[in-house]
Amino acid sequence: MAAGTFAEKGADLELVGITKTFPGFTAIRSLDLFIPAGSFFALLGPSGCGKTTTLRLVAGLEEPTAGRIVIGGKDVTSTKPFQRPVNTVFQSYALFPHMSVLENVAFGLRRRGIASPLEKAHEALRLVELDHLAARRPAQLSGGQQQRVALARAVVNRPALLLLDEPLGALDLKLRRQMQLELKDIQTEVGLTFLHVTHDQEEAMTMADTIAVMNRGEIEQMGAPEELYELPRTAFVANFLGQSNLFTGEVVSSTPNALTVAIAGQQLVIPSARAPRRSGTVTVGVRPEKLLLLTAPPAAPSSGVNVLGPGRVIDVSFSGVSTQYTIAVPGIGDVIVFAQNMVFGPVVHVGAEVWVSWNVEHGFGLEDSPAEAAAGVADAASAAGADGDVATSALTTVKA
Amino acid sequence: MAFSAFASAPAAAEPAVRRRSWIALVLLLPGILYLLLFFITPLISLVFTSFQQPVINGDIGQYSAGFQWSNYTDSVVQYLPLILRAFGYALLATLLALVISYPLAYFIGVKVRGFPLVQSLLLTLVIAPFFISFLLRTLAWKQIMSDEGPIVVGLKALSIFPSDGHITGTPFAVIFGLTYNFIPFMTLPLYATLERLDVRYIEAGNDLYASPFTTFRKITVPLSLPGIVSGTLLTFIPAAGDYINASGDFLGSAQTSMVGNAIESNFLVTQNYPVAAALSIVLMAVILIIVGFYVRRAGTEDLI
């Protein structure tokens, strides 16, 4: 990028066969990724999945062991961080403690010799509604204010590519929501390419156009938030992005329209179009909020509906908007149901005998082999435990 | 209600504060007594001595109380070159020590941060000279740099050095000795600040288009300023008053005498106590003024 000028618009980012090994472990395995210009892209994954390393590689703070990094059609693999048209909002903010807020924001502008840096810095501070604190030192600001200064310091440079390293992690829920919306606004307003790294699935889904779910240094699945959520391809995605009830069984019949799977004597049907594996042992799933709780067996088995049961309610947890029921179905395991709070409080209590049903088209099949699925479930569970942002994990152990 | 809560809070806290200050006083007492006995008293005595006048027809070194202001004017006029030389040498030695110590401290404190064993080994090497007496070390350098020593002989053999050249007794040798002797005092405070330097600020600087050099100048140096200030003070102050390195018995000669040498000879050789005392006070005052200015400017970061 020429000195003294801003990027006209966002640039696209291409990672080609990126591998990064540290002494003792491989952080990223042969990663290929294309992020189109002007998009809001989220890399989602648990701690240690390689997402922050990917970001640091793009910023130039780490060197890839193999592969190429291309920004806006230019190979930047061997350039230094200060030569790349990229700015980062660091997880720790890294605001320079010896400079005022204004000088922090003007720092990048001054380095590139852009005209009237202080004016532009004030403008950026107005964007994050902190111009009245321009003369303060970073240490005199609250965490949320520091975060916004860090954002202003990066955005003011109009980088072709803005990297966000879990920048909202330290904020409380309300401020985080507000900042998510502001970030999204800024992105649409200035038309930059955003690469956002986070372990918060809700944040990724709210903000990003495209999400890539990473696990163990590889991308598990990539797509629009709705697509990833409604049609997860692996057990890890199914359980890291929201929760899922997963069942493993043998395929008993396969037609171009429907796949029938036998699970502990009960038969479940899923649309063939939503099932990549169509023979042998397969894992199928359904989201807990798609399930309907029935207190009596359905009158007649109607086509287009899957029914499991009877089972016993073993846990009821009321969360205001919805109630989470855990139902133990003999031979199948625990099934989780999210029921919207349509009446006052829970409708059934622990010990009640219930059935669950769902529309056939809501089911999905996984690409994973049963062994891979088990590993994915375990990974997602440990990630939830480590990050603590998913209260419970739908662990459906199948005793087929 | 809220206001009354605010109003009563300080009142309730007061007895606790008073008790704490009483304990603090007791703990401070030994230090205060020590300073009174061994710093304030000699200082007052030094001031009195500096105004004394010789006893008429008395022995050498016999003086009586008086107010001889000319002790100051005479000694400053007589020893002005030595005073200026002392500050010039000390300044040069401080700058050299800073230039040598900063990369060393940066390497130990930042580059090998992940290897505590290497870090402690290198720090031990920095402090190692302290295990040998200051005088012995300086004498050893005198031997090494003497006319028959390997350096002078070698340089003469290579015809780089004139056949009548010396190293000892030159300003070079004195500044070298000062730099060498005070390097640990520079390195340790620098290390202490650089060791705590958060490298994420450096990464942020690089990310914001600052070249490594600009990042060093705009981020690393300002953030290590506390270490630079304490290191330069710990080097400059004792170096300005030093009389070992510049002495003819060690690395210097009559041409390299510093104010410390003048104080020493007046006190111990010619027994001209008032002049020695006056010079000591002048030295102290000048150092205080320089340091005062320096610390004030460093506090506002005008130095960068």
Side-chain angles (χ1 to χ4, degrees), chain A residues 1-7 22-23 52 55-56 58-62 79-100 103-114 117 121 137-138 149-150 152-159 161-165, chain B residues 98 102 105-106 109-119 189-232 294-304:
Chain A
M1 188 164 31
T5 54
F6 281 135
F22 290 105
T52 296
L55 199 81
R56 290 175 61 82
V58 176
L61 300 171
E62 304 277 355
T79 59
K80 298 276 167 221
F82 70 96
Q83 295 161 328
R84 298 191 185 188
V86 163
N87 284 115
T88 311
V89 181
F90 292 92
Q91 186 171 19
S92 60
Y93 316 142
L95 298 176
F96 305 129
H98 59 294
M99 293 180 197
S100 70
E103 278 304 324
N104 262 284
V105 178
F107 189 87
L109 299 173
R110 286 194 196 281
R111 301 287 83 73
R112 287 168 60 206
I114 281 167
R137 291 287 170 105
V149 173
R153 185 176 71 170
V155 169
V156 75
N157 300 297
R158 296 288 159 104
L161 180 61
L162 185 71
L163 308 175
L164 301 138
D165 185 7
Chain B
L98 180 63
Y102 202 100
Y106 190 88
V110 180
K111 289 289 171 190
V112 293
R113 213 175 256 185
F115 311 93
L117 205 68
V118 180
Q119 237 178 354
L190 277 177
Y191 163 77
T193 24
L194 286 171
E195 204 264 331
R196 278 175 287 135
L197 179 78
D198 193 337
V199 291
R200 287 179 294 191
Y201 295 131
I202 297 173
E203 288 185 347
N206 282 329
D207 186 68
L208 290 163
Y209 313 104
S211 64
F213 177 71
T214 314
T215 307
F216 176 75
R217 201 163 53 91
K218 294 280 180 184
I219 313 283
T220 314
V221 170
L223 289 180
S224 56
L225 203 59
I228 297 176
V229 170
S230 43
T232 45
Y294 177 69
V295 169
R296 275 190 71 156
R297 291 201 57 178
T300 59
E301 283 157 25
D302 283 352
L303 287 172
I304 312 126

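All figures in this text were calculated on a predicted structure; none of them were measured in a lab. Each chain gets a letter, A, B and so on, in the order its sequence line appears, and its residues count up from 1.
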Worksheet entry | Verdict with supporting geometry, Met99(A) and Ile219(B), side chain to side chain contact (heavy atoms under 4.5 Å, CB included) | CA-CA 9 Å; Met99(A) 293 180 197; Ile219(B) 313 283; 4.1 Å; yes
Response to the item:
Closest non-hydrogen contact found for Arg84(A) with Tyr209(B) is O-CE2, 3.5 Å
Worksheet, complete the sentence: chain B shares the most heavy-atom pairs under 4.5 Å, among Arg110(A), Lys80(A), Arg153(A), with Arg153(A)
Worksheet item: Side chains of Phe96(A) and Leu208(B): does their closest heavy-atom pair fall under 4.5 Å?
Response: yes
Worksheet item: OG1 of Thr215(B) to CZ of Arg111(A): how many Å apart, nearest 0.5 Å?
Response: 8.5 Å
Fill in: chain B contact via Leu163(A) - which portion, at a heavy-atom distance below 4.5 Å
neither
Fill in: Residues, nucleotides or ligands: over 12 heavy atoms within 6.0 Å of Phe115(B) CZ
no
Item to complete: Can you see which heavy atom on Arg200(B) is nearest to which on Ser92(A), and at what distance?
Response: NH1-CB, 3.3 Å
Discussion item. Can you tell me which portion of Arg56(A) sits under 4.5 Å from chain B's heavy atoms? Options are side chain, backbone, both or neither.
Written reply: side chain
Worksheet entry | chain B interface, residue from Gly60(A), Ala59(A), Pro81(A) that has the most non-hydrogen pairs under 4.5 Å | Pro81(A)
Worksheet item: At a heavy-atom separation under 4.5 Å, does Thr214(B) approach chain A through its side chain, its backbone, both, or neither?
Response: side chain
Discussion item. Nearest 0.5 angstrom please: Glu62(A) CD to Glu203(B) CD, how far?
Written reply: 7.5 Å
Item to complete: Look at the side chain of Asp207(B) and the backbone N and O of Thr88(A), then say whether any donor-acceptor pair between them is shorter than 3.5 Å.
Response: yes
